[in-house]
Every structure is written in C-alpha cells, then in structure tokens.
K.L.:
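There's a structure below that I have some questions on.
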There are 2 protein chains.
Amino acid sequence: MVPETNVFDLNQLRRSCSSCALGELCLPAGIGHDDLDRLDTTVRDKRMLDRGGVLYRDGDPFAALYVVRSGSLKTFVQDEAGDVQVLGFHLPGEIIGFDALALNRHVSQAEALERSSICELPYARLQQVISEVPALHRQLMRVISREVIEEHRHLVMMGRQQAQEQLAIFLKSLADRYQRLQRDGIALSLPMSRYDIANYLGLVVETVSRLFSRLEEMGVLEVNRKAVRILRPDLLADLCRNNTAATKRHDTG
Amino acid sequence: MVPETNVFDLNQLRRSCSSCALGELCLPAGIGHDDLDRLDTTVRDKRMLDRGGVLYRDGDPFAALYVVRSGSLKTFVQDEAGDVQVLGFHLPGEIIGFDALALNRHVSQAEALERSSICELPYARLQQVISEVPALHRQLMRVISREVIEEHRHLVMMGRQQAQEQLAIFLKSLADRYQRLQRDGIALSLPMSRYDIANYLGLVVETVSRLFSRLEEMGVLEVNRKAVRILRPDLLADLCRNNTAATKRHDTG
DNA sequence: CGGTTAATTGATCGGCATCAAATATGGTGG
DNA sequence: CCACCATATTTGATGCCGATCAATTAACCG
C-alpha cells in the first residue's frame, strides 16, 4: 500500500505550475502565460514529507526556496538550550526559506505538521529565470514583503494582545487562509498541536487549552481536539478587536 | 543660523556612495568599484528629518526604499484604535520600507528619533539598476533576509524572555550595532524614549524604568536618562542568556 | 490492550500591569 | 535669564492574568 500511494503522489507531483491547482495563489500570481512555462523550468525537485519530516534545519546550507504545495509546515528557531520559538505555520502556496539568504545558510527549521508535498526552487536557477522575467522579480519581492508584514502581525499579537484575543486572532487568521484556498473556513482541522499554538502565541499549553474551553463555553467554538468548528464567526471577529486592555501599553512617546 | 546648517548638511549629502563614510556597512557591501558608480545613480534624493519627522506613514504609496545615513528612526504600526506597536529602531546603514512592496503602499510608519539624514532609493530606478548589476540583486535579497531574521529575534525576545532578559538583550544588541558603526558601544546615548523601549519589548514604561534602576543597582549599568553606560559588559551578556524560565513555555510538540 | 504522549482541568503563585503620585526635564514665552 | 507648563521618567502600592505545579482523562500506536 505504501508503494501505491507513493506512485499516486509522484504523479500528482509531476504536474507543472501551469496546471497546478494552486494557480494564482502561488508564485505565478501576476505572471503571464508564456513566462509561466519558464517558471516551470525552475521547479526542479518536488518532495514529500511525512508528519514531523524536516525540510531544512538550522545550519543547513542555502540551496533553494520552497513552496508548500499541499499539507502544512511549521517553522521555528531553537537556541543552544533547546528553547524553541515557533515562527509561523505555512499553508499551500506559501514560500519559505528566505531566512537563509542573508548568511547562505538556514537559521531556522521547517518541519511538516502532516503529510505534505513541497516544490523546491533551487536558488541559482531561480535567479537566472528572474533575470529573464522581470515580473517574477517583482512578484518574489512582493512575497517576501508579505512575509515581513505577517511577522509584524505576529509581533503586534504577542506584544499587545491578551491571551484570549491572541487565540481569536490566530483562529480567524487560519480560517481566512483556508477559505482563500477554497477550503472550509468554518470546520477547521488544526494540523498543529496545542503546544505549537501556545508556543507560537508566547503562552503555555495549559492556557491555550483553557482558552479553547472558554471559547466553547461562550458558544463561539465547538472544540473536539484538532477539530474546531466556528459556530459564531461574528463573535470571533469581535473578540479579535476586543481591546479591553487598550491603555498604557499602547502609548508611545 | 538655520540656513547655514542647511547648507552644510546639503554639502554633506552631496557625497556619493563611493565616498560615504558608511561604506561596506550599507548596501554597497560586496559591490564592485565599477558597479558602485551605477548604484550612485540610483540614489536620487537625500532628505533631512528633524526629531519626530515622518519619513513615510501608513497608507503612503510605495515610491522608494530608504537608507538611514545618519541619526536613527523607529518604525511602527498603528491600528484604528490608535494602538501602537514599535517594530524596530534603525541605525545608519539600515534599509527600511520593504513593507510596502506587497501592496504598493506602506503599512507602517517611519519616524526620526533625532535629526537624521536619509538616502532615498526610488524603486523604479533601483529595479533598473538591479537588472544591470546582479550582485546588487543578491545584496538586496540579503538585506531583506537580515530584516526577516531580525524580526525573528524580536519574536523570540517577546515570546520567550522575562522582562529583565528582554531589556538586557535590547541593550546589548544596541551596543553591538553602535560598535559595528565604529561608535562607542559602552557609553550609549539612547535616541528613543522609555515609552518606545517599553512598547518595542511589549512592556509598560514603568516596568522598563524599574528595570533600568535594577540593572543600575546590580552594578551592570550607570543610568542617567538617555545616557547609559555599560559598566559590566560581561554581566550584561550573562543576563541575556539567563534562561531562568526555561521550562514549559519553551517546549513544543 | 498496555504504554506513551497529548490535552484538559484544578489550585496556587508570581511577575508584570495598573493605579497613583512625586520628581526631573526641556521647551516657551515673558 | 528665569518662571512656567507640558511631558518624560522614576518610584511606590496593589491587583490580576497567565505561569507553574499537580493530577486526571483521552487519544494514539505498537
């Protein structure tokens, strides 16, 4: 059975950017039909990762950027003491690996949260195609910029919000991203553990667990382990803006 | 007297990348002598900002990237409720404005902390030069990547560290950056307010003030308003790694 | 089905926010 | 140059949110 699924997956993977289901949700956004074929020649390798599989780890030499094709990954940094900070969760169409551009080696780790397939964009080849396709350069810059903005959101969430607001924002953001992928934005199946969520938000797992329970009591969610159903999207949205603690911490001189 | 300083400053500003004191600490790092002249043609405008002067604000159309030439700036986001999150402090040689690439408009604000001069790199012209000088493309990507990594550091600091460790890391980082600029890394003159520091770290101003006092009591610092002298760099470095709270919060599943 | 890990729930504690007030500073006008 | 005012900074007292410690229950995997 294992060989069979592998064969099936490999067939899936052989499809090019032109025929990929992600389409405009990925790097090809804004790229013309002709240039798309050239982008295809950039995608050399396509990899499958099982749950827990590592795409790159801290210290790995920089070889490529990676596009999540299906499944999901988390990225995180880990200091010498083993202390971890989750940086983000990455869904199909998202590009990761930019951290390695500065020093030509990765300074973070990327790990699959579930069985996932990855498009690999060897950087040398990508650079060459970029020099031929100016639109691709602009698009790539847009993608990096989006990553910068996303990290700003993460910072605001950790620095300014209460724990409950943080979780609400996290869930709403995840729901929105799934919906943009034409998937269910109401009945979520969280690919990451409570530990991952807690770490991402700068909280402990007990707090996150309690918050899920509280949101369920409030009638906002229906929680069943990984399965989370958003019963009241309106309330969830309210909670995201519920700046009850909008005081001193928010001023700046 | 005001006109005189302006004339003086303008003369200073007329100097090109080739003769700029920042040299390899800025974008020219790794750019050959010949290509440097071409980079010079990119730097169209050079601007002076007084303390509190705004370089760009949220919503401004994207026109250029900016290099801090002298002085310092802070960048921050501000939500509809007026709630602020300081994203970073930017010293000479650092490039800001990447946030605008995604949507062709800025989604943050940049403000001078003291009288500062700025090199403006109109993006249209920069793109053209980039297409002619591949080394510049790589260098620009490295710079963006450094910004991504810096934000990772910020996230780790806010998410994992105690308040005292956060301030220690902040001070050490600032000292290191000044030293790299050939400036005093011991006797610092903090250009930003306590409010800015507190906001950057996700704390309130009272906490930051108390921490400065505590570090002074411990003999690590000598604090006099903006003037901070690092008496014991060794102790400060210790405090940065003093993961006394390295427990649950750091695990991940 | 047993062993391991994930998740939940409860009780308690502590660090940082909040509230309050004093002091210092810097800019402005007289 | 000095008095004055607005603002920045410091210091103190108190309270609360989320961390910690502890234990139970549920899921997963062989």
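First the proteins, then the strands, lettered A, B, ... as listed; each starts at 1.
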K.L.:
Considering heavy-atom distances to DNA chain D, does A/Asn224 or B/Arg225 have its closest nucleotide positioned more toward the 5' end?
P.N.:
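So the residue in question is B/Arg225.
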K.L.:
Would you mind reading off the distance between A/Leu190 atom CG and C/dT8 atom P, rounded to a whole angstrom?
P.N.:
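Those two atoms, CG and P, are 10 Å apart.
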K.L.:
Atom CG in A/Asp196, atom CZ in A/Phe89: separation rounded to 0.5 Å?
P.N.:
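Answer rounded to 0.5 Å: 5.0 Å.
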K.L.:
Please state whether the base of D/dC21 and the side chain of A/Glu206 form at least one donor-acceptor pair under 3.5 Å?
P.N.:
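Under the 3.5 Å cut-off, the side chain and the base do form a donor-acceptor pair.
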K.L.:
Pick the nucleotide of DNA chain D nearest each of B/Val208 and A/Leu211; which residue has the one closer to the 5' end?
P.N.:
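Its nearest nucleotide lies further toward 5', so the answer is B/Val208.
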K.L.:
Distance check needed: D/dT7 C1' versus B/Asp196 CG, whole Å only.
P.N.:
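After rounding, the reported distance stands at 14 Å.
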K.L.:
With a 3.5 Å distance limit and no angle check, can you tell me whether B/Asp60 reaches the backbone of B/Arg57 through a side-chain donor-acceptor pair?
P.N.:
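Side chain of B/Asp60 to backbone of B/Arg57, a donor-acceptor pair under 3.5 Å: yes, one is there.
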K.L.:
Output yes when at least one side-chain N/O atom of A/Thr207 is less than 4.0 Å from OP1 or OP2 of D/dG18, else no.
P.N.:
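Checking D/dG18 against A/Thr207, no side-chain N or O comes under 4.0 Å of OP1 or OP2.
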K.L.:
Atom CD of A/Glu216 and atom P of C/dT8: how far apart are they, to the nearest Å?
P.N.:
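Rounding to the nearest Å, CD of A/Glu216 and P of C/dT8 are 9 Å apart.
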K.L.:
Can you tell me if the side-chain N/O atoms of A/Lys226 get under 4.0 Å from OP1 or OP2 in D/dA27?
P.N.:
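For D/dA27, OP1/OP2 do not have a side-chain N/O of A/Lys226 under 4.0 Å.
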K.L.:
Between atom OH in A/Tyr195 and atom P in D/dT20, what is the gap in whole Å?
P.N.:
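In whole Å, D/dT20 P lies 13 Å from A/Tyr195 OH.
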K.L.:
Determine, stepwise, if the pair B/Lys172 / B/Asp176 fulfils salt bridge (charged side-chain N to carboxylate O under 4.0 Å, His left out).
P.N.:
CA-CA 6 Å; B/Lys172 179 156 173 22; B/Asp176 289 347; 3.1 Å; yes
K.L.:
Hey, what do you get for CG (A/Asp58) to CG (A/Asp79), rounding to the nearest 0.5 Å?
P.N.:
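The distance works out to 10.0 Å.
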K.L.:
Rounded off to whole Å, could you give me the CZ-to-P distance for the A/Arg51 and C/dT5 pair?
P.N.:
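Computing the A/Arg51:CZ to C/dT5:P distance gives 13 Å.
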K.L.:
Has the side chain of B/Arg210 got a donor or acceptor atom sitting under 3.5 Å from an opposite partner on the base of D/dG12?
P.N.:
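Between D/dG12 and B/Arg210, which were checked side chain against base, a qualifying N/O pair under 3.5 Å is present.
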K.L.:
Provide, to the nearest angstrom, the distance between the CG atom belonging to A/Asp50 and the P atom belonging to D/dC29.
P.N.:
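Distance, rounded to whole Å: 12 Å.
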K.L.:
Before accepting this row, confirm whether a basic side-chain N of the pair B/Glu150/B/Arg153 lies closer than 4.0 Å to the acidic partner's carboxylate O.
P.N.:
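Yes, charged N to carboxylate O under 4.0 Å.
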K.L.:
Is there a donor on the side chain of A/Arg194 or the base of C/dT9 sitting less than 3.5 Å from an acceptor on the other?
P.N.:
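Between C/dT9 and A/Arg194, which were checked side chain against base, a qualifying N/O pair under 3.5 Å is absent.
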K.L.:
Send over the distance from A/Leu201 CG to D/dG18 C1', rounded to a whole Å.
P.N.:
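Answer to the nearest Å: 13 Å.
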K.L.:
Quickly work out the A/Arg160 CZ to C/dC16 P distance and round it to whole Å.
P.N.:
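Roughly 15 Å, once rounded to whole Å.
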K.L.:
Given D/dT20, D/dT11, D/dG18, identify the nucleotide with an atom nearest to the side chain of B/Ser213.
P.N.:
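Nucleotide nearest to B/Ser213's side chain: D/dT11.
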